[in-house]
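Down below is the structure, laid out as structure tokens.
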Amino acid sequence: WLPAALQWHCLRAVDDLVNGDDDAFVGLRHHLRDGTREARRIAVAREAAQLLDNYATQRPELLLAWQAGDDSQTPAEHVWQAAVFRHVLAQVGIAPWPLRVRDVLATGVGDVDLPRRLAVVGVTRYGSLDLQLLEALARDREVAVLMVEHSPGHAANRHEHMDQNQLVATLADEELF
């Protein structure tokens with residue numbers, strides 16, 4: 001599900017969907033029909049891969065709906081993205097990691113085969129799902145999160161908002177940042 005590899009799965013999905021007869025893909029078919037088809041289909045696949053990667057991180061609930069076949073919250077001009085996602089999901093055989101993380105969080109992480117002490121080093125940005133996973137792991141084991149601060153202003157801003165997340169606030173109190 002990394003964008004660089006994902007674009008090739010998306011390319012196969014776009015080709016399959018565009019060559020079908022579903023009216024939902026008329027706009028995409030029209031976009032790809034002229035003389036620049038080859039370059040455009042690769043660009044569309046790259047864009048689809050980036051969109052799916054962003055949705056997995058920022059809007060996993062959208063992908064969960066698409067996985068269940070629910071396109072009701074998707075504008076008509078973007079339904080092709082849901083179809084590409086389902087096609088890629090069928091090709092890859094496993095869901096993107098944010099969807100798998102949700103399953104792990106729902107069942108609990110206590111039985112996950114990990115060391116009693118963990119260190120997460122060098123990550124510069126955490127999504128809400130990342131923080132939920134770290135919080136869940138920190139209930140049963142020691143978790144250290146070590147981050148590089150790029151500027152004093154950036155660090156001050158991060159520390160102002162740390163109370164919004166208990167794990168980050170606890171780690172900040174322990175001066176791990």
Side-chain angles (χ1 to χ4, degrees), residues 1-18 20 22-28 31 43-114 118 120 122-141 143 145 147 154 157-158 160-172:
W1 285 96
L2 297 174
L6 185 59
Q7 74 180 357
W8 302 113
H9 292 291
C10 288
L11 182 62
R12 187 175 314 145
V14 166
D15 285 345
D16 290 349
L17 296 169
V18 167
D22 189 335
D23 289 339
F25 307 105
V26 169
L28 194 54
H31 179 69
V44 166
R46 186 177 301 120
E47 178 185 354
Q50 190 61 54
L51 285 169
L52 293 179
D53 183 58
N54 289 341
Y55 292 157
T57 304
Q58 305 299 325
R59 299 183 62 198
E61 67 285 345
L62 178 64
L63 295 186
L64 287 169
W66 287 355
Q67 185 177 18
D70 178 7
D71 300 342
S72 63
Q73 300 300 313
T74 306
E77 65 271 14
H78 298 298
V79 169
W80 68 272
Q81 295 171 13
V84 167
F85 171 72
R86 286 189 289 270
H87 198 285
V88 169
L89 184 60
Q91 285 178 48
V92 174
I94 59 170
W97 81 266
L99 301 187
R100 294 191 316 263
V101 167
R102 287 176 94 91
D103 292 341
V104 169
L105 290 172
T107 60
V109 295
D111 295 334
V112 175
D113 186 24
L114 291 172
L118 298 172
V120 181
V123 179
T124 57
R125 180 178 165 201
Y126 291 94
S128 62
L129 200 55
D130 300 323
L131 293 175
Q132 290 173 30
L133 179 60
L134 289 172
E135 284 178 322
L137 288 169
R139 288 186 200 112
D140 297 323
R141 59 191 43 83
V143 177
V145 178
M147 298 175 68
H154 185 257
N157 186 39
R158 180 189 318 277
E160 284 177 22
H161 301 316
M162 284 192 177
D163 61 338
Q164 295 174 1
N165 183 285
Q166 187 60 43
L167 173 69
V168 175
T170 301
L171 293 175

**OP:** For residues 88-99, pull every pair meeting salt bridge (Lys or Arg N to Asp or Glu O under 4.0 Å), keeping only residues two or more places apart or in separate chains.
**Re:** none
**OP:** Please list, chain by chain and in numerical order, all residues satisfying side-chain hydrogen bond (donor to acceptor under 3.5 Å, both in side chains) with Asp71, sequence neighbours excluded.
**Re:** Arg86
Subject >> For His87, all residues meeting side-chain hydrogen bond (donor to acceptor under 3.5 Å, both in side chains), sequence neighbours excluded >> reply: Asp16, Gln91
**OP:** Any pair with a residue in residues 47-58 that passes salt bridge (Lys or Arg N to Asp or Glu O under 4.0 Å), sequence neighbours left out, goes on the list, sorted by first then second residue, please.
**Re:** none
Original post:
When rounded to the nearest 0.5 angstrom, what is the spacing between CG in Leu133 and CG in Leu105?
Top reply: 5.5 Å
Original post:
Yes or no on side chain to side chain contact (heavy atoms under 4.5 Å, CB included) for Leu63 and Leu52, after CA distance, side-chain angles and deciding distance?
Top reply: CA-CA 8 Å; Leu63 295 186; Leu52 293 179; 4.3 Å; yes
Subject >> Listed partners of Glu61 passing side chain to side chain contact (heavy atoms under 4.5 Å, CB included), at least two apart >> reply: Arg59
Original post:
Do the two ring centres, one from Tyr55 and one from Trp1, sit under 6.0 Å apart?
Top reply: no
Original post:
By side-chain hydrogen bond (donor to acceptor under 3.5 Å, both in side chains), which residues pair with Trp66, not counting sequence neighbours?
Top reply: Thr74
Subject >> Pairing residues for Asn54 by the side chain to side chain contact (heavy atoms under 4.5 Å, CB included) criterion, not counting sequence neighbours >> reply: Gln50
Original post:
Is any side-chain heavy atom of Thr57 less than 4.5 Å from a side-chain heavy atom of Leu129?
Top reply: no
Subject >> Pairs touching residues 93-102 that satisfy side chain to side chain donor-acceptor pair (under 3.5 Å), sequence neighbours left out >> reply: none
**OP:** Not counting sequence neighbours, which residues clear side-chain hydrogen bond (donor to acceptor under 3.5 Å, both in side chains) with Gln67? List them please.
**Re:** none
Original post:
What are the two closest heavy atoms between Pro60 and Ala56, and how far apart are they?
Top reply: CB-O, 3.7 Å
Subject >> Euclidean distance, Leu51 CG relative to Gln81 CD, rounded to 0.5 Å >> reply: 5.0 Å
